[in-house]
Structures are given as C-alpha cells and as structure tokens.
Colleague: 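Quick one: the structure is below, and I'll ask about it shortly.
Just so you know, these numbers use all the heavy atoms, side chains as well, and skip hydrogens, waters and symmetry mates.
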Number of protein chains: 2
Amino acid sequence: MKDPLLDLPGYSLRRAASAMMAEFAARIEPLGLRIADVSALLVIEANPGVTASQLGRALDIQRANMVPLLNRIEDAGLLTRRPLDGKSHSLHLTEAGASKLATARITIATFEDWLVHRVPAEHRAHLKPALDALWRD
Amino acid sequence: MKDPLLDLPGYSLRRAASAMMAEFAARIEPLGLRIADVSALLVIEANPGVTASQLGRALDIQRANMVPLLNRIEDAGLLTRRPLDGKSHSLHLTEAGASKLATARITIATFEDWLVHRVPAEHRAHLKPALDALWRD
DNA sequence: TAACCTTGGCTATTGCACATAGCAATCCAT
DNA sequence: ATGGATTGCTATGTGCAATAGCCAAGGTTA
C-alpha cells in the first residue's frame, strides 16, 4: 500500500515523538510517575524553591494545568509547597521526592541511551541540534 | 534558571513535535481540517478503495478511533464509504475531497519546507533518517 | 494614600488524540 | 459446518493542553 506520509519529515516527527513518548511512559509508569511529573521533578530539584509559575514557564505548561500536576506529586509525598510571600509558593522536593527522582534518573538515562542508539551512528549527533532548532527560540 | 531537560534528546523530541504539530494544526485549520484528517485524506487518495481498517493500520490509529475521524470527513463531503463485501467498506475521495486535498497539499508543502529550513543546513539531511529510525520497524 | 495594572494560584470546562472493552455481523479456514 | 478471526461500531476512560474567569496579593504610578 502506498504511503505518501512517509515522505513528510513532519509526519516522521509526529510518529517518532508518539512512539518514544509511549515507550518512556511505559518505562516510567511502574514508578508511579507520568512524563510531565518527571520533567517537573527534574526542574524542581535543579532549582529548589522555584514557584509554580516559574516552573510552568520552564516547562511551557499553563498555570492552570500546573495545579493538578503539582497536586498529584504533592499527594504522592514527593513535593512540598511553602508559602513564599502570601501570593507565591516555593516548591521543594521531599526526601521521598529526591529518592524517587534518583530512581527515575536511572530509567531516564537508560531510556535516553536506548533512544539515541536507535538512530544510526552517522545521524546520531545531528538529532538533538536539529530538534532543538525546531522549538527553541 | 537551570533546566536539566535541555540535555535530554527525548525531551527535545517531545517539545519539537509539540511545537511543529501546533504550527501545522494552525495552518491547516482554516481549511476546516485537522492533522489526522489530512493524513487520512492523503492515504485514501493514494490508495482509492482502501478499507477503514487498512487505513487505520497505515496510520497506526485504532479501528475504534477511525470511526469519528471518517464520520467527520464524510460529513464534510470529502469522502464516500462504499460497501465492499458486506463487512468492509471501501473509501474514496469525493470530488470535493480531491479538491480540498489539492488545496491542503499547498499548505502541507509550505509547512514541510518551513520546518526543514528551520534546522541548520549542516543537520538538515540527517533529521528525517534519524526520526525514521525511531519509529519505523 | 489611592487607583490601577499585573501576577500567582486556583476552579471549571472543553478539545484532541489515543486506549480498552465489548458487540454483532461477516468472512474464512479447517 | 463449526470455530476463529476480522470489520465496523458503541461506549468509556485517560493524558495532556487550552480557555475563561475568580480572587487575593503584589507593584507601580499619580
């Protein structure tokens, strides 16, 4: 069967992202985490005390959508919200959060390595710069 | 602010795909089409008479999810479903469908060109092969 | 100080893309 | 001819993101 989509880089991008996200979600799910959770935990750990809106800007997630995300990882005991100035809250990982993230980091590293090695060696080094050019301003 | 996500190719893939899909969706929306519609129309035109399940396999969309998709483009007058053997239906573009697709093709080509030229010349040729390696078996 | 605009966190709702489970009719192979 | 697989479909749920609006708390300027 003819598939004209196979000639379109945009379609390849869509399918590749979809396949890789499904794979990563499956690998991270046994830890009780979702993809968005992992990205939030990583940024919070690297920037203890960030506010929810700063985090949202870094992850390109709307303020409104940060709420259920942060509730979820707070309910899981991975995060504390401390009042900062009566308007903002500062976010910190709990010990459980740091330890969960340490475990997740292994999964992340394994996955990223697996992903990168799926691409043939001659193209490998070009993947990330090419992708970054597509979304970073 | 530190952003450890920026080192992860998987995260770049996610963000790049999200950005590009948003861009394409915005460009194709004035035609009254969605991304999934366009992919279906392209495959149907290239393979007149395909069945819904064949199409679903090509697009990696579950049978169940083909239903609203095909209903939508049929309701828009772009598609006819003809009974094939009492179980399967064969799919064909209407004249309106072919003409709509001809218009869409211009948008698609412009978008794909824009996308590809966002990546620096030295990486450009590597993007599609790298992406294809990530999802094609 | 008072008026104003902006920001931060939140609720509520919606849309899209995708998944699973189950069903009835049809077909195909042994 | 019976049993298994396939087709199209309904119904439902999930993950992620968007929008509109609310309220309280800052910041800025007159």
Colleague: Tell me every residue that passes side-chain hydrogen bond (donor to acceptor under 3.5 Å, both in side chains) with B:Glu23, counting only those two or more places apart in sequence or in another chain.
Modeller: B:Arg27
Colleague: Could you work out, with side-chain hydrogen bond (donor to acceptor under 3.5 Å, both in side chains) as the rule, every residue matching B:Arg15, not counting sequence neighbours?
Modeller: B:Tyr11
Colleague: Mind checking what makes side-chain hydrogen bond (donor to acceptor under 3.5 Å, both in side chains) contact with A:Gln62, not counting sequence neighbours?
Modeller: none
Colleague: With nearest nucleotides of DNA chain C determined for A:Ser18 and A:Val67 from heavy-atom distances, which residue corresponds to the more 5′ nucleotide?
Modeller: A:Val67
Colleague: I'd like to know if B:Glu45 pairs up with A:Lys2 as an ion pair, taking the criterion as any Lys NZ or Arg NE/NH1/NH2 lying under 4.0 Å from an Asp or Glu carboxylate oxygen.
Modeller: no
Colleague: For DNA chain D, find the residues of residues 32-66 of chain A with a heavy-atom distance under 4.0 Å and give them by number; none if there aren't any.
Modeller: A:Arg34, A:Ile35, A:Ala36, A:Gln62, A:Ala64, A:Asn65
Colleague: Within a 6.0 Å radius of atom CD on A:Glu122, are there more than 12 heavy atoms belonging to other residues, nucleotides or ligands?
Modeller: yes
Colleague: Ignoring backbone atoms, test whether B:Arg81 places a side-chain nitrogen or oxygen under 4.0 Å from the OP1 or OP2 oxygen of D:dC9.
Modeller: yes
Colleague: Please tell me whether A:Leu93 and A:Leu78 are part of a single hydrophobic cluster in this structure, the criterion being side-chain heavy atoms less than 4.5 Å apart.
Modeller: yes
Colleague: Write down the distance between CZ (B:Arg14) and C1' (D:dA17), rounded to a whole number of angstrom.
Modeller: 10 Å
Colleague: In whole Å, what is the span from the CG atom of B:Leu84 to the C1' atom of C:dT26?
Modeller: 12 Å
Colleague: Determine yes or no for a side-chain-to-main-chain donor-acceptor pair under 3.5 angstrom, with B:Thr80 supplying the side chain and B:Thr94 the backbone.
Modeller: no
Colleague: In this structure, how many angstroms lie between the P atom of D:dA25 and the NZ atom of A:Lys87, rounded?
Modeller: 10 Å
Colleague: For DNA chain D, determine which residues of residues 68-79 of chain B have any heavy atom closer than 4.0 angstrom to one of its atoms, and list them numerically.
Modeller: none
Colleague: What residues form a side-chain hydrogen bond (donor to acceptor under 3.5 Å, both in side chains) with A:Asn47, not counting sequence neighbours?
Modeller: none
Colleague: Taking CD from B:Glu29 and C1' from C:dG15, how many angstroms apart are they, rounded to a whole number?
Modeller: 13 Å
